[in-house]
Every structure is written in structure tokens, then in C-alpha cells.
Amino acid sequence: MRAMLDRLVGGRLVPLFIKELTQLGRNRRLVVMLIVPPTLQLLLFGFALNPEVTGLKLAVVDESRTPESRQLVSAFGESGSFLIPAQYPSSEQAGDAIARGDADAALIIPSDYAERRIRGETASIQLLLDATNANTASIAGGYAARIIESLNRNLAAQRPRAARPLSLTTTVTLLYNPGLQNSWFITTGMIGTLLVLVGSLVASGSLVKEKETGTIEQLLMTPASATEIIVAKMLPLLILLTADIVIALSVARAVFAVPVRGSLVLFATAGMLCVFAGIGIGTFVATFTKSQQQAQLMAFFVNPPVALLSGVVTPIEAMPEWIRPFTLINPVRHFATISRGVLLKGVGIDILYPNVLALLAAAVLLVGISAWRFRKQFG
Amino acid sequence: MAGSAGDTVIAPGAPTEPPSAPAPAAGGLAIRVRDLRKHYGELEAVRGIDLDVRSGEIFGLIGPDGAGKTSTFQILAGVMPESSGQVSIFGQTPLEARATVGYLTQTFSLYVDLSVAENVRYIGELRRLSLDEIRERGDRYLEMFDMLQFRDRLAGRLSGGMKQKLALVCALIARPQVLLLDEPTTGVDPVSRREFWDALAELSGTGMTIVVATPYLDEAERCSRLALMHEGRLHDTGTPAEVRQRPRLRRIRVRTGNLEAAEHILEGIDGVRDTQRFGDSLDVMVDDTAGGESIASEALAREGVTFTALKPEAPTLENAFVAVLRSIGGEIVVPAFPFDSTRDPVERGAVAIGAYGMRKSFGSFEAVRDVTVEVRHGEVYGLLGANGAGKTTTIKMLCGLLEPTSGDVELTGERGSLRSGAVRSRIGYMSQKFSLYDDLTIIQNLRFFAGVYGVPRDERERRISWVLEASGLEGREQLMTASLPGGWKQRVAFGASLMHAPSVLFLDEPTSGVDPLARRALWKMINAMADRGVAVLVTTHYLEEAEQCNRLGFMAAGEVVAEGSPTEMKAMMRGRLFEIIVDNARVATLALREALGHDRVSQFGDRVHVQSELPVADATSEIRALLDRARVEVLRIEETTFSLEDVFIDVVHRSRDAAVAEAS
């Protein structure tokens, strides 16, 4: 152990490390790449992918015209999600309004609504949604369901003996409501995607550049071993990308007011493991490619699946059954879970340890495979 | 278009209908340059040059990397404005003359995934030629360059020389009057280079004016006239013969078993102007032949150094350029090495690099088959080969970067585990132009290599300052490596590969593209290393470098087909070589080729080289008879020595013929 440490610190690793660090420091494009895209993308995704929907125009057809029906309408109005620009006399006209784009949704309250409620029977209302934008439609449906549910709870509280409160069946499949989660949800997960993305690009870039210019041969002719070369390539990146963790978290805090409820150490550790995974992916890609262009094209195959199959943007529950197991090997998925757990829920390692272990395994595996490939190619 | 070039004025703005070749009568002035200057910020790349190029000649602009050749070409081609001075091409400014000028840049813009014919057609269509014209002209040039049968081959699948010729066809399709070629043969092997120059001679025969830039002096020999360019200025202009004779120095070639001692003795004694060491001989420059011979033989005898031959030879272009460069003060002094011996003791004459029956296959393709080579400590061994001969694969296996499919490789006494750090710390390696990190400063590069090779800490600063001194960069170590011109960079890279006092050196084209003085300085260092017992393996396809090696191995089709010292290699040639000076070299070349075969005749400017297996008297009478019939006046015929290039081409042809015979 002592001898190994001596070899690492006193030997060739130091000049290799200094060389890599100097080269990275001189590479303006890289420094820009480390700072700008993460910040920008975090902002972009935080705002643009924020699934919160506000100001949906709701056309109301109130055939009941009772205090009960007005209570329902005002529940929608007060939610903040819906605006009620006008009432329409018939459902046909409300439908036309949606067709014209004057309204995004229509609420039709039948004439027997109040009677049925008073009788304690299940009253049904009709909600028409403009599903042109399926996402907005499902979110709106989710809002409506939530509004009605809370109304139901209030009514149930008033009338504890009621056998069965109001219910709506139309929107049951949309009950998963992404609208509940806002920019916090996106940004906390997005940090992991960014770390893997930037890490893989920078790592493949730095290795492929040596291949492209031919200096890799010169390097391999030195007494430095393939392991030393690869370690010296990875370490400075790890340091630089750790800065990305800080940048990303700062942006998330400053712009979206993401809270930090749990341990920052745990978060940083997870972040670093994520960076390692990214470097591993990048190095792996680099061993298969000859030019920066090829490497970037190849990264294009690797990175989108990693980003999409992580549950950062699309919920894993919404993915087909057969694909879900694959997300378990995705480091970003585990980082997202840890990140959300630590930052938003304030839970610790006692709960998150399966994810931490999985992330560690993924990082070790990716770095290991890439180092093995590198050694096999050049060792 | 007949008449003197001076009054051949095409009105500016006239339709760019390509003028028809042949260009104006040969001998008129095609290009006239006066006091041309070009600045890039503070850097002055071209510092006032005067140049006259006659119509129909091949004019060579000879100079190392960074001499200002490319800047001059870009101005002549009208793609970059001059800072000051006058340039006229057939009486027009370069911008006006653009339609009449064909310009080949250093990196050819061929479309590798188009066929030969498609490339030609694309360029022709860009020039708005009709399809018939394109086909007619394209086929004519392809035929002239012996490429018609490759019309449908993808450009990416052509050999280096053929790619070059295709680029030439593309440049010719618009029928330029002037062809500007910027280092057209860099990275091209000797066989392809000779093919390419044959094509140029062919073109110049049709009246085309050709200006060609090159850092290689053997190519300079094939120009009608040439000028030496150095640091933005032109120094010597004339025909190759004029330039060679100008310094009025005589060359005496000394052959001896102990070159090191002989050089040491003759260096700096009275009457000796200069000495230069080659692989198996020493050149001594003196004022007159007889006096020089006696001075040299007496000095050697006094010190007890025996020599096998001491005879006068014609001075070379290199001798002339060295004299010119010295007169303008470009001398490079190589400081003494900071170490006396290699890090690990070596035994002179012991095998340092050995390959025994080494083979390498990639799939079904056999890149290297059965190579056996031994390089001993204290020896400079040159490995030569055409592109695709398996040279790169061989060297990679010898230095342990690649595992042979079968056979044994030995490196500094180790077999098997060539990839160990211990072996590699005894090896110095310099690949051409890739050796340093461009994005580090010079000092950072040197510190890195010193560190990674484990140069002892207390030695590092001393050795780094030695490299800086040897490359003339003291006080400029904070410069970015990318900003250094090629020659300087090569010297730093070479120094960097020596800092750990290796026992074995691998050098890939260590001195290509540098000026003759820098090349001499580098070879001085290489020889000094060999004198300390270092085994040096050089790969190159520049024969100027090959001349510097003690022993050469020629590779063709994955095998070492010939081995020996430069002199032995030349002696291996069958027959004799005759140099014929005639009044019309073009007609003479064509007539002789017709009768004797294409491969035996090549045109060198105003001279023709003919290879013949007949006795001297029979050969000369045959040549005279042939030329008489062609109505060419023979001014002089004399037997001359084969160049290594001749040997190389012969070796390649023979191995190709053998392969054909084997196949049938």
C-alpha cells in the first residue's frame, strides 16, 4: 500500500496530472462548456419543462343554476389553474368555443346536479378537454380531479354520514398528476443528467484530441502505464466537474429556490459518483472513435437514452413495463432519487443507501470498463 | 496568344473564358514580382522579394517550413492581398489573373467519396465548362498522367501519388497558363514523387508555366530554375547547375571506418571550409580539388586514421545552400550533451532492436510478412518504404506499440514484455510533428517529458536548459509550442526525446521540412548520440535523410527487400546511370522513353537521366543514335552515380514485378 502510494505520488502521475490540468486550464472552450451549458440548460429545463399549467380558459355550461353548482364553478375559478371567461348556454356552444380556441376546456353541470347532491347520490359532471396538446389536457384533467376531490372532502366533512360522496370517473387514468411537481422536481433531477452529459463530452473530448493529434503515441512510448495515463486524465476532470455540481446547485437555489433539506455531503458524494459515471461513458466512447466529430456523434447515441430513461423528465411509471428494469442501471436515475430525497425531502443515507450503492456500482463499472478498453487498446 | 508575354493583356473584367493552352511563347516573362512584402501583424513573412518566372519553365521555390513560401503563393494566386510591392502575371494583377492561374494548396481538396471522373466533373462544372469539354480535357490529362484506367475508382482509394495527380488534373481542367503548386509532394513516397514530377515535366513540355514550392533539395534538381527562400527573402536564383557552382567550393568525399574521428580531425583545419557527415562518408568542402585532397589526406594520415577512398565529387545543391545560409549567419551551434553516457550502460555493437521473422496480419491482409532486422548499439539504421509498404506497422511492432501476429521482437535486451515501464524508460521516441503538446508552453512540455521519463530531480533543470540551448530558444521558453515554426519545434521535440539519456532512439522523419543548417545540427546531435552507443532507428521517405544513415533497409510489400549502407545500396543497382545534357530535354525524354522504356528515363530540368545495362561505350552510342534520330543535339553525356532515389524506385519496381510474376 505504502509502495503503491509512493509510486502514485512520487512517480509519473504528478507530471501527467500537471500536464492534463494545464491543458484543461488553457482550453477556453472547455471552461465555457463547463459553465455555460449546465447553467443555461438548468434554467431552460427548469422553466420550459415546468409542467405547471395556469390560466386554462374554462367554458362553463351551468344547467343546474343552483348554489351547489355555483360552488363547484367557483372551486374551479379559485384554483388558479382555470380562468372562466364566459358562461355558455349549451354544451354545443361550449364545444364550439373549444373548437375555435376560445376555451381550453369546458365544464358542463347537468340540471339534476344539485338534486342528486342533496339526495346524497353520485352526481356526474362532464369535463371536455381540448386534447390537441395531450400533455396540457392530462394536466388539466388532473387539476380538475384534484379540485373535485377536495370539494368532495369538504362535503364529506360537512355530511359525515354520506354514504358515497361525489365522484368523477372520467379522469381516473390521468390521476397521476405531474402538475403537483414543479421546477423543483425537474431541476433536482436535471443536475444528474447535466453532470453525466458534460462529464462524458469533456472526457471523450480530451482523450480523442490526443488520438487526433497523434500525441497519444508519444504518450504511450513514455514509461507511464496505461493506468497512470487514464487516471491522470480522469482526476482533473473530476475536480473541474465538481465545480459543476456547485454551479448547478447554486442556480437551482438562486433561481428556483430549491431547498436543501438534507445532507450536502451526501448530495456532493452522489454528484461526484455521477461525474465519474459520465467520465466513464466519455472514455468508453473515446476508445471507439478516431475523431472528435465521431465521438460527439456517438455521444448522441448514448446520452439521450441516459437522459430520457432516468425519470428526470418523464416519470418512470409512465414508461412501458419492459423498459423499467433498464432504468435501474442508469446512474442518472439513482442520482435523481438521491438528489430529490436529500434536497426536497431531507432524507438521509439510511433510506437512500440502495440508490447510493447502485450509483457507486454504476460509476465503478463504467470507469472500470472504459479503463479496461483503454488498456486493451493501448496497454 | 503568341508574341511576348509583356503585351498579352487581358482586359480586366473581360469574360473569364479560359485562355487556351499552350500559353505564350516559351521564354517570355510569365510572372514578375518586385519588392513583394507581406506582414501578419508584427510578423513579416515575406520581406521584399524580386522574382521573374519565364513562361514554360518549372520554377522551384526552395525553402524550409516557415520561409514564406505559402504566403508568396497565396499572393500569386490572388487569394490574399500583398502588404506592398508589385506582382504581375502576364501583365495582370493576381486578382485579375485568377482565371488563368491554377493553385494547388498543401492539403488537396479532393472529394474522397467521389470517383476520379466525378471529381474532375465537379471542378469543371464549378468553372462552368460544358460536359463535353470536361470529358475531353479530363480524359486528355488523365491519359497524360497514366490514370485513364482509374476513372471510376473512388478518389479515397487512390495512392498518395495518384491523388496528387488527380488534384493536378482538377487544377488543369480550367486550362490555366500558370500552375502554382505549394509543396505538392509532402508526405508522398519517392515512387509517387517521381511519377508526379514526370507529370510536371510533361506539362511544362506543353508550355505551361509551373511554380512549385518544396523543402526538398532532390526535387529542386528537377526544376528548370530555382530560388532559395529563407526567412522571407530570396537568396540565390538560377538553374540548378548555376546554383551548385556559385559558391566556388569543391567537394571531396572521404570514406573511412571511423567517421567520428575523421570529422573531428578535419573540422576547422586550415584549407577546409566545411565538413558534413553522412551515413558512411564524410564530405569535406575545400577551395580547390587538388590542394584540398592533399590537405585532407595529410591530416588524416598524421592522426593515423585510415581511409578507403578520398575523391572529388561535384558539389550538391545542399552544399550551395549551406554556403548561402552560412554567409547570412544562420549557423547553429550544438552545445555539448549534459550527459556522457546513456542512463543504462550499453555495449557498442550489441543488438538493441531485433526482429526475427516478424509478421502482422489485419484480418486477411498481411501488412508485414517475415521481417528480420537487427539494429545495433552505436548504429543509425534507416527504414525506408513506399506508402503502404508496411513501414509504420513494422516500426510500431519494433517499439512495442503493436503486438506482432508471429515472430520475435527484442528491444534493449528484453523479449516479450516490451510494454514495461523499464523498457520504455530506455527508449526515446519522436514521431514527426506530433511530439509536443501544442497547447502547452515549451517549458511546460519539457518539464512534462522530464517528469514522465523520471529524469532525476536535480538533473532536470540542467537538461531542460540544454534542450533550450540546443534549439536556440533560451529566454523564449514561455512561448506556446503551437507558435513555433516547424524547424524549431522539431529541435525541441528531439531534445525532449533525449533528456532521459535513452539507449534506443526511434525517429520518424526527424528532419523533414527543416532548412539544411537545422538539418545538419539535428544530424550532428543524432550522430553524437550514436557515438555514445545509442541505437537509432529512423523511418523516412526522404532520401536526404536516408543518406545520413549507416545502414538502410528498404521495405516493399511488407518485407525488407534490400539492406546495406547507402554506398552498398547504390552499388546494388544493375547497370549505369547516364546524365545527358541536351538542347531540348523534353523531346529527348520522350524519344528515349519510347525506345528504352518509361522507367529508365527521367527528366531533371534541362538534363535527362538514363539507366542502361550496356557497357559505357555501347550505351552512349545507343543514346546518341536515338537522340540523333529525334533531332536533339547532345551537348554532353556522362556517367553519373545513382541516387538513393534511383535505388529505391528500382527496388519497388522489382518487387512489384516479382509479385506479378508470382501471381501469374
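Note that the structure is a prediction, hence the values are computed from the model and not measured. Naming: A, B, ... by sequence-line order, numbering from 1 per chain.
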- Message: Side chains of B:T540 and B:E509 only: does a donor on one sit below 3.5 Å from an acceptor on the other?
- Response: no
- Item | Interface residues of residues 439-449 of chain B facing chain A - heavy atom cut-off under 4.5 Å |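 So far as heavy atoms go, B:D439, B:L440, B:T441, B:Q444, B:F448, B:F449 are the residues that approach chain A to under 4.5 Å.
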Within the side chain of [X], is there an N or O that forms a donor-acceptor pair under 3.5 Å with the backbone of [Y]?
| X | Y | value |
| --- | --- | --- |
| A:R333 | A:V312 | no |
| A:Q218 | B:Y429 | yes |
| A:Q294 | A:K290 | yes |

- Task: Examine whether an atom of A:L16 lies under 4.5 Å from a heavy atom of chain B, and if so say whether it belongs to the side chain, the backbone or both; otherwise answer neither.
- Result: both
- Message: Does any part of the side chain of B:L505, heavy atoms only, come nearer than 4.5 Å to the side chain of B:L498, both counted from C-beta?
- Response: yes
- Message: I want to check a possible cation-pi pair here: B:R491 against B:W488, using under 6.0 Å from ring centre and within 45° of the ring axis as the test.
- Response: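 Relative to the ring axis of B:W488, which defines the angle, B:R491 lies inside both limits.
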- Listed by residue number, which members of residues 198-210 of chain A have a heavy atom under 4.5 Å from any heavy atom of chain B? A:K209, A:E210
- Task: Anything under 30° is parallel, anything over 60° is perpendicular, the rest tilted; go ahead and classify B:H500 against B:Y453.
- Result: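 Plane angle under 30°, so parallel.
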- Query: Does B:P345 have any side-chain contact (heavy atoms from CB on, under 4.5 Å) partners at least two apart in sequence or in another chain, and if so, which?
  - Reply: none
- side-chain contact (heavy atoms from CB on, under 4.5 Å) against A:L240, all qualifying residues, sequence neighbours excluded: A:L24, A:L30, A:L34
- Are any of the side-chain nitrogens in A:K211 or A:E217 under 4.0 Å away from the carboxylate oxygens of its partner? no
